[in-house]
Amino acid sequence: MDNSELAELLNRVADAYELQGVEWKPAAYRKAANSVQNLEQDLLEIYRFHGIKGLIELPGIGKAIAEHIIELLETGHSKKIDSLLKKVSQSHSEIMQLEGVGPKKAYKLIEELQLSSIAELKAAAQQGKIRVLKGFGEKTESNILRAIEMHLQGKKRRPFAEMLKESQSIIDYLKQHAVPQKIDYAGSLRRRKDTVGDIDILVCTAQPEELMKTFTSMPRVDHVLAHGSTKSSVVLNNGVQVDLRAVPEQSYAAALLYFTGSKEHNIRIRALANRKGYLLSEYGLFTLTDKKPIACNSEKSIYKQLGLHYIPPELREVRGKFEATTIASLPVLVEQADLKGDLHTHTTFSDGNSSLQAMVQRAQDMGYSYIAITDHSISARIANGLSLDRLKAQWEEIDNIAAKFKIRILKGAEVDILKDGKLDYPDEILEQLHVVIGAIHSSFKMPASELIHRLTRALLHPCLDILAHPSCRLIGRRGPLQIDYKQVFKVAASNNKILEINSQPSRMDLHDTHILQARDSGVKFCINTDGHGTDEFAFMGYGIGLARRAWLTKNDVINTLPLSKLRRYLPRIPQ
DNA sequence: GCCGTTTTCGGCCCGACTGTTTTCAGTCG
């Protein structure tokens, strides 16, 4: 049983308790589920190495839940949980997940209408059976029908970059049609999560009502979920939900903190505030006793008042590291300005859209001191992979233009890792390349043991420097390779191989939990754009966001090094 | 069920909006 399966089970236990109206336990189980879901290590591994003590050390997991988990890990079942879940089918949990339906409504619907599936709920709604229930009405009935439609469409999380663009366009619209004094996106977008569920926007304005009206009547709004004087929610015609919140100026910092989340982070700092004699809400920080406001004009000043260092949005997740931030100083996270070059780029030689010269020029304009040109290798037919002749022609062109640029051009290749783990160019060619990036581009569904063998063999090749987009996922289209990543990370670490954090919006690979795990194995990283055109150098920020979410500092990332020191990791770069 | 720089017992973040009901429970973030 893996972490996500365990988390799902714990969530269903929470559902079961919630349906029964039990207090506090649902929150406790959800917290535990969340904790397990966000874990960088397999729970089974933790248990193997550290026993029950290792589990209890995790946030939100105490003796009782730890014992259930152990039973589940060892036998696949837990008596207590099995009997609880008998009362709550999968579809009961699904009904509770419908927008606007919580435990109370779900219980009433299930009990009074004797429901056992979403389909039956839909039928009941269509037959007008819901509106007659006490506490329900016509409006609720039609809301449930719509919620079912939305549920069936599936509320997919979308790639960060897509949602960033979406939020920017809404912010632009609001700036154009209303006059907000301040406006920011918040939520998981601001925390730079690789996928984003909905968009949260915060504004400060003198006319909140007017702004809410502008917002809910934007041309792209499909329907309005809520429309109040300070808070509204809409669903756009592409299915993206957007929440807008307006606060007065003196509350802006506290509101930004609150609206950025994560939910668990909010709960923790609000509880901490209470312990220190304060009340923290989106309106500000107040004394607990007489509710006197304490002037805080930035998030930083709020954290400071609570005795904390400033926690960057990317770190506001509960990963059991909150305590570290209260005691020691936080690490200085890697920033875009730290990067000295991009080690993974494509040109028109293979499947890029910009010429070699144009790519180098843009990299130089960005202030980089080196760029690796890494077009595809021969087997990547779809990507116009380079034959040996064309590869040599590329080297010639690099030699010819090198003098025109201040920036150093590194000869590289993104070499396919073939099915058997061999690299796609002969060794005598690989030895002449300054940077060899290995990547899997086909046969993703091989059995796990064969995939591990394939990757291990590639990582053991003396010429392979970097493993590109290691999990091979494409957000929303292809899941990550189903393998034991820890094994791969260990091989990479002990052979000084670099793992890539790929910044392509659809990849965002490695994922932050994998980065954390890999870093703990002793791996170094490089953050690359995998750019296929000059405009794609701008993607670098997405990879930086992932790295920051995984607590990476400059020292963890090799392309923050100047060329002279980069040779430590890429030894074939000539003087 | 979890947790503790007041606590091993008694708390558990806080406020807006909706719909149904006439003052608020339920839901959401």
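Quick note on labels: first sequence line is chain A, next is B, and so on, each numbered from 1.
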Roughly how many Å apart are B/dT6 and B/dG1, using the P atom of each and rounding to a whole number?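 Comparing P positions in B/dG1 and B/dT6 gives a spacing of 28 Å.
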For the pair made of [atom1] in [X] and [atom2] in [N], what is the distance, rounded to whole Å?
{"X": "A/Y283", "N": "B/dG29", "atom1": "OH", "atom2": "C1'", "value": "13 Å"}
{"X": "A/L244", "N": "B/dG29", "atom1": "CG", "atom2": "P", "value": "15 Å"}
{"X": "A/R316", "N": "B/dG29", "atom1": "CZ", "atom2": "P", "value": "20 Å"}
{"X": "A/K108", "N": "B/dA25", "atom1": "NZ", "atom2": "P", "value": "14 Å"}
{"X": "A/L225", "N": "B/dC17", "atom1": "CG", "atom2": "P", "value": "14 Å"}

Looking at [X], does any N or O in its side chain come under 4.0 Å of the phosphate oxygens OP1/OP2 on [N]?
{"X": "A/S233", "N": "B/dG29", "answer": "no"}
{"X": "A/K231", "N": "B/dC17", "answer": "no"}
{"X": "A/T140", "N": "B/dT20", "answer": "yes"}

Salt-bridge present (A/E314, A/R549; N to O < 4.0 Å):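 Salt bridge: no.
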Name the pairs: protein N/O against N/O of nucleotides 8-14 of chain B, kept only if under 3.5 Å.
unit_1 : atom_1 : unit_2 : atom_2 : d
B/dC12 : N4     : A/W24  : NE1    : 2.8
B/dC13 : O2     : A/R270 : NH1    : 2.6
B/dC13 : N4     : A/K263 : NZ     : 3.2
B/dC14 : OP1    : A/N274 : OD1    : 3.3
B/dC14 : OP1    : A/N274 : ND2    : 3.1
B/dC14 : O4'    : A/R270 : NH1    : 2.9

Could you list all the side-chain hydrogen bond (donor to acceptor under 3.5 Å, both in side chains) pairs where at least one residue sits in residues 77-86 of chain A, not counting sequence neighbours?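 For residues 77-86 of chain A, and leaving out neighbouring residues, the side-chain hydrogen bond (donor to acceptor under 3.5 Å, both in side chains) pairs sorted by first residue read A/H77-A/D82.
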Ring centres under 6.0 angstrom apart (A/F286, A/Y278):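 Here the rings of A/Y278 and A/F286 have centres that are no less than 6.0 Å from each other.
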Could you check A/S229 against A/A28 and say which one's nearest nucleotide on DNA chain B is further toward the 5' end?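 Closer to the 5' end of DNA chain B: A/A28.
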For A/G228 and for A/V101, locate the closest nucleotide of DNA chain B by heavy-atom distance; then report the residue assigned to the nucleotide nearer the 5' terminus.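 Comparing both residues, the 5'-ward one is A/G228.
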Once you apply a heavy-atom cut-off of 4.0 Å, does A/E138 come out as touching a base, just sugar-phosphate, or nothing?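 Sugar-phosphate only.
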